[in-house]
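Taking it in order: structure first as structure tokens, then the write-up.
In each ligand, atom 1 is the first atom listed, and ligand 1 is the first ligand listed. This one's a predicted model, so the numbers in the text were calculated from it and none came from an experiment. What's counted below: heavy atoms across the whole structure, side chains too, no hydrogens, waters or symmetry copies.
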Amino acid sequence: MRIVVLAGGFGGSRFVSGVRDAVGPDDEITVVANTADDIWLFGLRVSPDLDTIMYTLGDGIDAERGWGRTDETWNAKEELATYGEPQAWFGLGDRDLATHVVRTARLREGLTLTEATAELCRRWQPGVTLLPMTDAQVETHVATTVDGQDQVIHFQEYWIKHHAGVPVRGIELQGIEDAGPTPEVLAALESADVILAAPSNPIVSIGPIVSVPGMRDALSDAKAPVVGVSPIIGGAALRGMADQLLDALGIEISATGVARYHGDLLDGWLVDTEDADQVDAIEAAGITARAVPLYMRDAETSRQLALDAIALATELHS
Ligand code: GDP
Ligand code: CA
């Protein structure tokens, strides 16, 4: 079986771990990761979602934080702050820094982000093929108001510097119109038996992936059904800022609201058992829905969720 998973960082990496634990040694998993969280910091290309997935699957993640490396130290960050560097708010650990140095070196040598990621993965052996959604530079920016001034700031500045504590007037995917899916992504979608959308942020993780020009067509042309997992349970996101962003964009904060937002992208949608009363409304929108436990508490619940998603996809395939 060939499985492709569309994924952001936190929900994405846990779900992909579940998929890896759910399948057999002959099954192939390809992860198409969001890269619109990427940012240039101090001349280095930082790819938070690629790294969260790579570190999680490679057992290098700080599991408590959910991002960055285990046994991390923060000397470089402190030194940067002492220099008064304006971007020192970003959580750049010393171990993590090496990843960004290697990635940037490879990009400077002319490799694509896809190739640079493959090289980083040679160390981490994630057990999946990890692909950026595009080799082009796409960055999510947030239209907001800071200290009474209307501004458009990088998503990381909104999320990490301002802790999502500033109003959201809109979201811009800068560079998206010039981006395209890579040959690697297109080949994976074309040959997939199952395509899964992880329970990732609909606006800033899954949204950018499916907004890459050509991606929606590639998904609908694929022979595999697309089955997504709701990141919203009982009217709230489990972690992160998804509910704030949905609210700002006028999208109902519910499993149904997110399913409608993704629209014709989805053939199937998993909602939590707590949201079982929404199955009919989702099916009325033409999406096959099932209610199963969606909390990824540990490896076993993540594996079971992956099995449920694969089962729905298999059902839709036949
Ligand atoms: P980020 O890139 O690190 O923000 O992570 P993602 O976009 O991949 O995932 C963030 C989303 O994961 C949030 O919207 C959460 O609601 C969702 N999420 C986190 N944990 C769980 C879980 O256990 N189950 C489900 N269904 N969603 C989850
Ligand atoms: Ca992210």
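No N or O atom of Val229 sits closer than 3.5 Å to an N or O atom of ligand 1. At least one N or O atom of Ser205 sits closer than 3.5 Å to an N or O atom of ligand 1. Every N/O-N/O distance between Ile233 and ligand 1 stays at or above 3.5 Å. Ligand 1 has no N or O atom lying under 3.5 Å from any N or O atom of Pro202, backbone or side chain. For ligand 1, none of its N or O atoms has an N or O atom of Ile232 under 3.5 Å away.
Closest protein heavy atom to atom 23 (O) of ligand 1: Met296 N, 2.7 Å. Looking at atom 25 (C) of ligand 1, its nearest protein heavy atom turns out to be Leu294 O, 3.4 Å. Protein heavy atom in closest approach to atom 12 (O) of ligand 1: Pro199 O, 2.9 Å. The closest protein non-hydrogen atom to atom 22 (C) of ligand 1 is Leu238 CD1, 3.1 Å. When hydrogens are left out, the protein atom nearest atom 1 (P) of ligand 1 is Phe10 N, 3.4 Å; that is the closest non-hydrogen contact. Looking from atom 26 (N) of ligand 1 to the surrounding protein, the closest heavy atom is Ser230 O, 2.9 Å. For atom 15 (C) of ligand 1, the nearest protein heavy atom (residue, atom name, distance) is Arg239 O, 3.5 Å. The protein atom (non-hydrogen) at minimum distance from atom 10 (C) of ligand 1 is Asn201 N, 3.8 Å.
Salt bridge Arg45/Glu139: present, at least one basic N to carboxylate O contact under 4.0 Å. Ionic pairing of Arg69 and Asp94 is not present here: no N-O contact between side-chain nitrogen and carboxylate oxygen is shorter than 4.0 angstrom. Of the charged side-chain nitrogens involved, at least one lies within less than 4.0 Å of a carboxylate oxygen, so that Glu315 and Arg290 count as a salt-bridged pair.
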Residues Phe10, Trp67; criterion ring-ring contact (aromatic ring centres under 6.0 Å, His included); working and verdict: CA-CA 8 Å; Phe10 184 78; Trp67 57 270; over 10 Å; no
Salt bridge (charged side-chain N to carboxylate O under 4.0 Å, His left out) between Arg303 and Glu300, intermediate numbers included: CA-CA 5 Å; Arg303 191 182 83 95; Glu300 183 47 34; 3.2 Å; yes
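For Asp49, the closest heavy-atom approach to ligand 1 falls below 4.0 Å.
Counting only heavy atoms, the protein gets under 4.0 Å from atom 5 (O) of ligand 1.
Under the 4.5 Å side-chain heavy-atom criterion for grouping Ile, Leu, Val, Met, Phe, Trp and Tyr, Leu316 is connected to Leu270 within one hydrophobic cluster. In the hydrophobic clustering of ILVMFWY residues, with side-chain heavy atoms under 4.5 Å counting as a link, Leu186 and Leu131 come out apart. Val212 and Val5 sit in two unconnected hydrophobic clusters of ILVMFWY residues. Membership requires side-chain heavy atoms under 4.5 Å apart, directly or through other members. Cluster annotation: Leu50 and Val138 are assigned to distinct hydrophobic clusters (Ile/Leu/Val/Met/Phe/Trp/Tyr, side-chain heavy-atom contacts under 4.5 Å, transitive).
Ring planes of Tyr158 and Phe155: tilted class, angle from 30 to 60°.
The atom of Asp37 nearest to the Ca ion (ligand 2) is OD2, with the search restricted to N, O or S atoms. Asp49 contributes atom OD1 as its closest N/O/S atom to the Ca ion (ligand 2).
By the criterion of a heavy-atom distance under 4.0 Å, the side chain of Ala242, and not its backbone, is placed next to ligand 1.
With ligand atoms numbered from 1 in the order given, ligand 1 contributes 8 (O) to contacts under 4.0 Å with heavy atoms of Gly12.
With a 4.5 Å cut-off on side-chain heavy atoms, Ile153 and His162 count as touching.
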